[in-house]
Amino acid sequence: MKITLFLNGKTTSPDIKNLCDEYRKRINRYMKMEEIFLEAVNLKSKDISKVKQVEGDGLLKRLTPTDYLILLDDKGKEFTSTRFAEHLESLFNQSLKNLCFAVGGAYGFSEDVYRRANEKMSLSKMTFSHQIIRPLFAEQLYRAFTIIHHEPYHHE
């Protein structure tokens, strides 16, 4: 199994990029994780539905039918860190080939992407930029692996 994180556009901040790189290295000690940067849509028409559709089509083209897709979405289910680790472990036990997480663009996801998703997950009731959510999620993913492996990173 591997984990794929789909992101709209590259990280513009070197500090955020370095932090994401550090957590990706840590996560790769447990499971292969790759980041796929989808082409960011910069439409001047300000047609939000068009932006979401184009970004969504870019994501859907990269998925295979067997990929398990979890959207990082403010309307998704919230987990504690421990419960997220338990949920991940249950997904690992399902013999999935590729567990995919997707961070939406500035306007979120298209209806086609919502229909394709297996789950929606929220990291908070607050709204974060699609740039800052990257290291937040990477840290939580790393934390989940340390919980699963009973390593002294997470404290309750």
Side-chain angles (χ1 to χ4, degrees), residues 1-12 16-17 20-21 23-43 45 47-125 127-149:
M1 174 191 249
K2 73 174 182 173
I3 293 175
T4 303
L5 180 58
F6 289 98
L7 305 158
N8 278 308
K10 297 224 180 223
T11 302
T12 56
I16 291 175
K17 182 186 179 318
C20 291
D21 290 346
Y23 280 112
R24 188 177 57 255
K25 278 191 262 181
R26 292 181 186 192
I27 292 164
N28 277 322
R29 292 194 308 242
Y30 302 100
M31 184 175 291
K32 180 175 172 24
M33 179 184 141
E34 71 174 324
E35 294 175 328
I36 295 179
F37 296 95
L38 303 169
E39 187 175 338
V41 177
N42 196 1
L43 296 178
S45 69
D47 184 345
I48 293 170
S49 63
K50 178 75 172 164
V51 171
K52 291 195 300 187
Q53 190 63 48
V54 171
E55 288 177 345
D57 290 348
L59 170 61
L60 295 172
K61 280 194 266 185
R62 302 296 298 265
L63 295 171
T64 69
T66 59
D67 288 343
Y68 192 92
L69 177 62
I70 299 176
L71 304 180
L72 298 182
D73 187 271
D74 61 353
K75 296 166 205 66
K77 181 177 180 180
E78 289 186 333
F79 294 96
T80 64
S81 295
T82 302
R83 181 64 191 110
F84 177 53
E86 292 168 356
H87 184 59
L88 275 181
E89 194 167 28
S90 74
L91 291 172
F92 297 158
N93 291 333
Q94 293 179 27
S95 300
L96 302 171
K97 287 185 178 180
N98 193 17
L99 177 58
C100 301
F101 293 91
V103 176
Y107 303 112
F109 298 102
S110 69
E111 288 305 314
D112 291 338
V113 171
Y114 279 118
R115 279 191 291 278
R116 168 57 179 85
N118 298 91
E119 296 183 36
K120 293 183 293 186
M121 178 181 138
S122 175
L123 295 180
S124 172
K125 291 191 184 301
T127 301
F128 296 100
S129 76
H130 63 285
Q131 294 287 321
I132 201 68
I133 205 69
R134 296 170 185 194
L136 288 173
F137 176 69
E139 191 280 335
Q140 283 301 299
L141 193 56
Y142 171 69
R143 181 177 297 273
F145 277 111
T146 65
I147 292 169
I148 291 167
H149 292 276

Original post:
Looking only at atom types and distance, does a side-chain atom of Glu55 sit under 3.5 Å from a main-chain N or O of Gly104, one as donor and one as acceptor?
Top reply: no
**OP:** Might you point out which heavy atoms bring Ile36 and Arg62 nearest each other, and give the distance in Å?
**Re:** CG2-NH1, 3.4 Å
Original post:
Which pair of heavy atoms, one from Ile27 and one from Ala138, lies closest together, and at what distance?
Top reply: CD1-O, 3.6 Å
Original post:
Hey, what do you get for CG (Leu38) to CG (Leu59), rounding to the nearest 0.5 Å?
Top reply: 6.0 Å
**OP:** Could you tell me whether the side chain of Asn118 and the main chain of Ile70 form a donor-acceptor pair under 3.5 Å?
**Re:** no
**OP:** Can you sort out the partners of Asn8 under side-chain hydrogen bond (donor to acceptor under 3.5 Å, both in side chains), two or more places apart, ordered by chain and number?
**Re:** none
Original post:
What is the distance from atom CG of Leu7 to atom CD1 of Ile133, rounded to the nearest 0.5 Å?
Top reply: 11.0 Å
Subject >> Side-chain heavy-atom pair Ile3, Leu5 within 4.5 angstrom cut-off >> reply: no
Original post:
Within the side chain of Arg134, is there an N or O that forms a donor-acceptor pair under 3.5 Å with the backbone of His130?
Top reply: yes
Original post:
Distance from Ile16 atom CD1 to Ile132 atom CD1, nearest 0.5 Å?
Top reply: 4.0 Å
Original post:
Out of curiosity, Glu119 CD to Leu71 CG, how far, rounded to the nearest 0.5 Å?
Top reply: 9.5 Å
Original post:
Is there a donor-acceptor pair under 3.5 Å between the side chain of Glu89 and the backbone N or O of Ile148?
Top reply: no
**OP:** Take atom CD of Glu39 as the centre, draw a 6.0 Å sphere, and report whether it contains more than 12 heavy atoms from other residues, nucleotides or ligands.
**Re:** no
Original post:
For the residue pair Phe137 and Phe101, does the interplanar ring angle fall in the parallel (under 30°), tilted (30 to 60°) or perpendicular (over 60°) class?
Top reply: tilted
Original post:
Minimum heavy-atom separation for Met33 to Asn28, with atom names?
Top reply: N-OD1, 2.6 Å
**OP:** List for me each residue that meets salt bridge (charged side-chain N to carboxylate O under 4.0 Å, His left out) alongside Asp67, sequence neighbours excluded, and say none if there are none.
**Re:** none
Subject >> Residues Phe92, Phe145; criterion ring pair (Phe, Tyr, Trp, His ring centres under 6.0 Å); working and verdict >> reply: CA-CA 11 Å; Phe92 297 158; Phe145 277 111; 5.6 Å; yes
Subject >> Listed partners of Arg29 passing salt bridge (charged side-chain N to carboxylate O under 4.0 Å, His left out), at least two apart >> reply: none
Subject >> Within 6.0 angstrom of Arg83 CZ, more than 12 heavy atoms from elsewhere >> reply: yes
Original post:
So how far is it from Lys125 NZ to Asp74 CG, rounded to the nearest 0.5 Å?
Top reply: 10.0 Å
Subject >> Test salt bridge (charged side-chain N to carboxylate O under 4.0 Å, His left out) applied to Lys17 - qualifying residues, sequence neighbours left out >> reply: Asp21
**OP:** Looking only at non-hydrogen atoms, find the nearest pair between Ala85 and Ala144 and report the distance.
**Re:** CB-O, 3.6 Å
Original post:
Shortest non-hydrogen contact from Phe109 to Lys52?
Top reply: O-CD, 3.5 Å
**OP:** Can you measure from CD1 (Ile147) to OG1 (Thr82) and round to the nearest 0.5 angstrom?
**Re:** 4.5 Å
**OP:** Kindly write out the residues that satisfy salt bridge (charged side-chain N to carboxylate O under 4.0 Å, His left out) with Lys2, not counting sequence neighbours, or none if the list is empty.
**Re:** Glu34
Original post:
Do Tyr114 and Lys120 touch side chain to side chain, with heavy atoms closer than 4.5 Å?
Top reply: yes
Original post:
Where do Cys100 and Leu63 come nearest, in terms of heavy atoms and distance?
Top reply: SG-CD2, 4.0 Å
**OP:** In sequence, state the C-alpha distance, the side-chain angles, and the governing distance for Asp112 and Leu60, and then conclude on side chain to side chain contact (heavy atoms under 4.5 Å, CB included).
**Re:** CA-CA 8 Å; Asp112 291 338; Leu60 295 172; 3.7 Å; yes
Original post:
Who pairs with Phe128 by ring-ring contact (aromatic ring centres under 6.0 Å, His included), at least two apart in sequence or on another chain?
Top reply: none
